[in-house]
**Student:** 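Let me begin by handing over the structure; questions about it come next.
Only a predicted model underlies this, so the values are computations on that prediction, with no experimental measurement involved.
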Amino acid sequence: MRALRPLLPRAGKSVLASHLEREPLLNPGVHWDVADPFGGTCAILGTGDRVLTGSAAVEGSLSKQLQRGHRHMVAPGPAAIDLLRVLQGAQGTLGIMTWGAVYCEPVPQAEQSWFISSDRLRPLVDLARELTHRRVGTALFIANGQQIRLMAGRGMTLPHPANWTLFVTVAGDQHRPSEKVAWQNSDLARCASNLGALMSDALGAIGADAFAEQLRRSNEANYKSRAGSTYTELFFLQSSSRTAATVERALDHLTALDAGPDPAIYIQPVIQGVSTHVDFTWTDVDVKAAEKARQLVIETSRNSGAFFSRPYGAWKDMAFEQGRSVKGMLATTKALLDPNGILNPGQIPYASAIA
């Protein structure tokens, strides 16, 4: 077995913290719910109460549960309560998770990776949705040239002028692995050809299989800040049908207003490809220029219906201002689970509502 991973997590990063943050997995085909890949968990609330969620809420300690063969496969519960969903995305303001069970995937017996490039984003978004629907591929995401260079390392040159690249890995497990890889490759080639996209096993100096292997390794530093560079980022969720238009509109506005250098853009389909995680990153640029560009993308994406499910910094106040009706609910939840306000105070703006 091997872990289901987000994009290039740094070495030493907490697995539980990553999943509590709902960082998107590279595998949209096995992402069925926002709680995935969690099963049962254990957390300490701000009240001091110890709570067990999902299938962890059965008799006995963790060691005793494991000794009798219990496996924590269900996230919601106990009963009709889904406390895990409340704790996720709360940025440590409601509880502290002490342990959690997470789903893994079997290590494939055969794998092959591909780059599929296009000058336009929309065909690749459509292709990603189609591949997920057909259950073709495991790891799958879309990136522009700046993002590919950021992931692969500085100094990489791209051999063709295509603006966008879809990276996909097809895999076969213990049951006829080579045959499974073969039919997936056939479906992949046909779908790419129908959309006029270019399919290749290499991009510049890096092969697709070597790139896939790199995605499974962790570096001490965040890949966005390698070599001591600074970066500014922004991320949000968007429906698949609106993703291409949102990103293209943001890029048009950045160009029209000459708002700094081009950003690195990472688009990760989530929840069976129904929606996408969209990530803009500006590296090695003046802080003021990067902030101007980020603010412009915030405004553009907000007007396009983006959902800021993990708001930080400059877009935190804007995100909660959009959802005024939910502030009272957040305040009530905080009062129930952390009545004294001891957990990460001020991180999410509902402390004033409690007061």
**Student:** Got a donor-acceptor contact below 3.5 angstrom from the Gln91 side chain to the Pro311 backbone?
**Tutor:** yes

**Student:** Between the main-chain N or O of Ala289 and the side-chain N or O of Asp286, is there a donor-acceptor pair closer than 3.5 Å?
**Tutor:** yes

**Student:** Taking 4.0 angstrom as the limit, do Glu291 and Arg294 come out as a salt bridge?
**Tutor:**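 Looking at Glu291 and Arg294, the cut-off is met.
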
**Student:** Count the heavy atoms of every other residue, nucleotide or ligand shown that sit under 6.0 Å from CD of Glu59, and state whether that count exceeds 12.
**Tutor:**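 At most 12 heavy atoms, drawn from other residues, nucleotides or ligands, come within 6.0 Å of this atom.
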
**Student:** Phe141 vs Phe211 aromatic rings, parallel, tilted or perpendicular, using cut-offs 30° and 60°?
**Tutor:**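 Correct class here is tilted.
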
**Student:** Where does the angle between the aromatic ring planes of Phe280 and Trp282 fall among parallel (under 30°), tilted (30 to 60°) and perpendicular (over 60°)?
**Tutor:**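 Phe280 vs Trp282 ring planes: parallel.
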
**Student:** Between atom OG1 of Thr169 and atom CG of Leu215, what is the distance when rounded to the nearest 0.5 Å?
**Tutor:**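 The CG atom of Leu215 is 7.5 Å from OG1 of Thr169, to the nearest 0.5 Å.
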
**Student:** Mark yes or no for whether His70, through its side chain, and Ser55, through its backbone, hold a donor-acceptor pair below 3.5 Å.
**Tutor:** yes

**Student:** Which value, rounded to the nearest 0.5 Å, describes the distance between Arg71 atom CZ and Gln65 atom CD?
**Tutor:**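 The CD atom of Gln65 is 10.5 Å from CZ of Arg71, to the nearest 0.5 Å.
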
**Student:** Can you give each donor-acceptor pair under 3.5 Å made by side-chain atoms of residues 194-204, sequence neighbours left out, with the distance rounded to 0.1 Å?
**Tutor:**
residue : atom : partner : partner atom : Å
Asn194  : ND2  : Arg190  : O            : 3.3
Ser200  : OG   : Ala202  : N            : 3.1
Ser200  : OG   : Ala202  : O            : 2.8

**Student:** Could you tell me whether the side chains of Arg50 and Thr98 share a donor-acceptor contact shorter than 3.5 Å?
**Tutor:**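 Side-chain D/A pair, Arg50 to Thr98: absent.
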
**Student:** Does a donor on one side chain and an acceptor on the other come within less than 3.5 Å for Ser301 and Thr246?
**Tutor:** no

**Student:** Tell me whether the guanidinium CZ or amine NZ of Arg302 lies under 6.0 angstrom from the six-membered ring centre of Phe308 and within 45° of its axis.
**Tutor:**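 Arg302 over Phe308 ring: no.
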
**Student:** How many angstroms lie between CG in Leu254 and NZ in Lys292, if you round to the nearest 0.5 Å?
**Tutor:**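 Output value for this atom pair is 10.0 Å.
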
**Student:** More than 12 foreign heavy atoms under 6.0 Å from CZ of Arg176: is that the case here?
**Tutor:**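 Counting other residues, nucleotides and ligands, CZ of Arg176 stays at 12 neighbours or fewer.
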
**Student:** Please check: side-chain N/O of Ser193 versus main-chain N/O of Ala189, any donor-acceptor pairing under 3.5 Å?
**Tutor:** no

**Student:** Sequence neighbours left out, what passes salt bridge (Lys or Arg N to Asp or Glu O under 4.0 Å) with Arg129? Give chain and number order.
**Tutor:** none

**Student:** Any salt bridge between Glu21 and Lys13, counting N to O under 4.0 Å?
**Tutor:**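 Not counted as a salt bridge, because no side-chain N and carboxylate O are separated by less than 4.0 Å.
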
**Student:** Any chance you could measure Thr132, atom OG1, to Glu130, atom CD, to the nearest 0.5 Å?
**Tutor:** 9.5 Å

**Student:** With distance as the sole criterion, is a donor-acceptor pair present between the side chains of Thr165 and Ser117 under 3.5 Å?
**Tutor:** yes

**Student:** Would you check if the side chain of Asn219 reaches a backbone N or O of Ala221 as a donor-acceptor pair within less than 3.5 Å?
**Tutor:** no

**Student:** Is it the case that the side chain of Ser218 and the backbone of Pro9 share a donor-acceptor pair, with hydrogens and angles ignored and the cut-off at 3.5 Å?
**Tutor:**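 The answer is yes, because a donor-acceptor pair under 3.5 Å joins these two groups.
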
**Student:** Quiz question: by atom type and distance under 3.5 Å, do the side chains of Glu299 and His253 form a donor-acceptor pair?
**Tutor:** no

